[in-house]
Amino acid sequence: MRTRRAVLRASMAASLGLVLALSACGQNSAGGGDEAGGSDAPDAGGIKVGVILPETDTSARWEGFDKPMLDKAMRAEGLDPDIQNAQGDEQKFSTLADGMISSGVKALVIASISSDGGSSVAAKAKAQGIPVIDYDRLNLGGTSDYYVSFDNEKVGALQGQGLVQGVGDKPGAQIIQIEGAPTDNNATLYTRGQMSVLQPKYDSKAYKLVQNQAIDKWDNQVAGTTFEQILTGNGGKVDGVAVANDGMAGAVITVLTKYGLNGKVPVTGQDATANGLAAILRGDQYMTVFKPIQEEADAAAKLAAALAKGDTAAADQVATQTVDDPKGKRQVKSVLLEPQLITKDNVKTVTDAGYIKAADICTGANAATCGQLGIK
Ligand code: GAL
């Protein structure tokens with residue numbers, strides 16, 4: 001039989017545990033009075049952080065991947081994220097920032113439509129003592145404290161390598177380049193990376209550059225009509241198309257299909273979207289670049305959490321690289337993540353990683369291809 005003292009000890013331990021549990025509950029629900037954060041708001045009391053994404057119609061990534069992944073990563077860091085999309089409208093981008101700044105966010109994360117727009121938002125935030133992170137796109141000439149992205153020149157180099165792989169040794173192959181928005185520093189970096197592979201081909205006359213055309217705002221429609229003008233202007237001849245992302249690649253493929261050239265002319269892309277992967281499985285697109293957005297979101301969340309608490313030492317442990325900002329004449333503390341080249345042979349990488357469901361791309365004629373490639 002248990003002694004009186006043991007019973008007493010057991011009941012004291014139980015009541016102590018109960019007191020601790022109740023006080024913990026009190027902290028959760030009272031954390032910063034943030035009932036809106038819901039009872040599942042983490043202990044840190046959900047420090048308010050603002051996130052502004054650039055647009056929706058250039059790429060499925062922003063609402064499909066970045067928004068949910070940033071939300072999840074930030075809540076895991078004890079933050080209370082307010083994530084908005086500027087829908088490609090500079091004025092809206094600025095107005096969203098004003099609202100977040102006046103609501104007292106402790107850090108601002110911006111994927112800007114343009115460097116100019118992003119830089120003016122960063123200046124407003126920093127004037128209020130709010131740290132700013134450039135997310136995915138560096139604002140040239142800006143003052144943001146950190147930059148989180150993928151190695152975007154490497155993205156371009158992979159696109160160049162993919163095109164060469166697809167075109168092969170075709171003497172005098174005629175190439176059209178459809179590039180991203182001139183206001184997006186990433187587009188400049190993609191082109192620079194592509195040219196690190198393609199310029200030697202042009203110089204040696206192995207390939208001939210028909211035209212290299214940047215597309216404002218990454219507008220997919222404009223990409224298609226512009227490509228068609230260039231193609232018809234070149235007598236309908238093209239042997240390869242370097243396209244900077246999947247959204248515009250889809251528009252280019254629509255034009256190639258109109259002229260019976262789809263599947264015969266390699267097309268590059270980026271973002272490993274469902275449409276891009278489905279086009280690769282069909283043989284209409286040669287490659288895309290997979291950028292595991294969760295890694296980008298996790299890094300941004302860790303940086304934002306550190307900065308929101310004023311812990312720049314912790315932030316500097318996350319952002320261990322630097323990127324040159326030639327316009328601002330400064331080195332920006334950065335996180336540069338690794339992109340991956342995806343062709344038909346390794347589409348499985350993206351579905352296995354859970355970014356795209358097999359059911360969304362293994363439809364129609366692709367079903368058999370998915371079976372052969374073990375995509376399920
Ligand atoms: C870039 C981004 C790419 C691409 C493009 C269109 O800045 O890094 O993933 O999708 O925007 O939105």
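Each ligand, and each atom within it, is numbered from 1 in the order the structure gives. Quick caveat: nothing in here was measured; it's all calculated off a predicted structure.
- Of all heavy-atom pairs between Thr268 and Gln159, the closest is CG2-O, 3.5 Å.
- Although no hydrogens or angles enter the test, the distance criterion places a donor-acceptor pair under 3.5 Å between the side chain of Asn245 and the main chain of Met248.
- Open room surrounds NZ on Lys106; 12 or fewer heavy atoms of other groups in view lie less than 6.0 Å from it.
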Next on the checklist: If you apply the rule side chain to side chain donor-acceptor pair (under 3.5 Å), what do you find for Glu55 with Asn85, and how did you get there?
Outcome noted: CA-CA 6 Å; Glu55 66 255 344; Asn85 192 303; over 6 Å; no
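- Atom numbering of ligand 1 starts at 1 in the shown order; those under 4.0 Å from a heavy atom of Glu55 are 12 (O).
- On a distance-only criterion, Asn152 and ligand 1 share no N/O pair closer than 3.5 Å.
- With respect to atom 10 (O) of ligand 1, the closest heavy atom belonging to the protein is Asp271 OD2, 2.5 Å.
- Between the Gln270 side chain and the Ala244 main chain, a donor and an acceptor come within less than 3.5 Å of each other.
- Between Gln174 and Val210 the shortest side-chain heavy-atom distance falls below 4.5 Å.
- Nearest to atom 6 (C) of ligand 1 by heavy atom, out of Val155, Asn245, Asp57, is Asn245.
- Here the side chain of Asn366 pairs a donor or acceptor atom with the backbone of Ile361 at under 3.5 angstrom.
- For the pair Ser120 (side chain) and Gly117 (backbone), a donor-acceptor distance under 3.5 Å is present.
- Proximity of Tyr190 to ligand 1, defined as any heavy-atom pair under 4.0 Å, is confined to the side chain (atoms from C-beta onward).
- The shortest contact between atom 11 (O) of ligand 1 and any protein heavy atom is with Arg137 NH2, 2.7 Å.
- Considering only non-hydrogen protein atoms, atom 12 (O) of ligand 1 sits nearest to Thr58 OG1, 2.8 Å.
- Short contacts between ligand 1 and Trp218, defined as distances under 4.0 Å to a heavy atom of the residue, involve ligand atoms 1 (C), 5 (C), 6 (C), 11 (O).
- Put simply, part of Trp62 is less than 4.0 Å from ligand 1, judged by heavy atoms.
- Taking every heavy atom of Asp184 and a limit of under 4.0 angstrom, the matching atoms of ligand 1 come to 1 (C), 7 (O), 11 (O).
- When only non-hydrogen protein atoms are considered, atom 2 (C) of ligand 1 lies nearest to Asp136 OD2, 3.3 Å.
- Shown in contact with Lys291 at under 4.0 Å from a heavy atom are these atoms of ligand 1, numbered in order with element: 2 (C), 3 (C), 8 (O), 9 (O).
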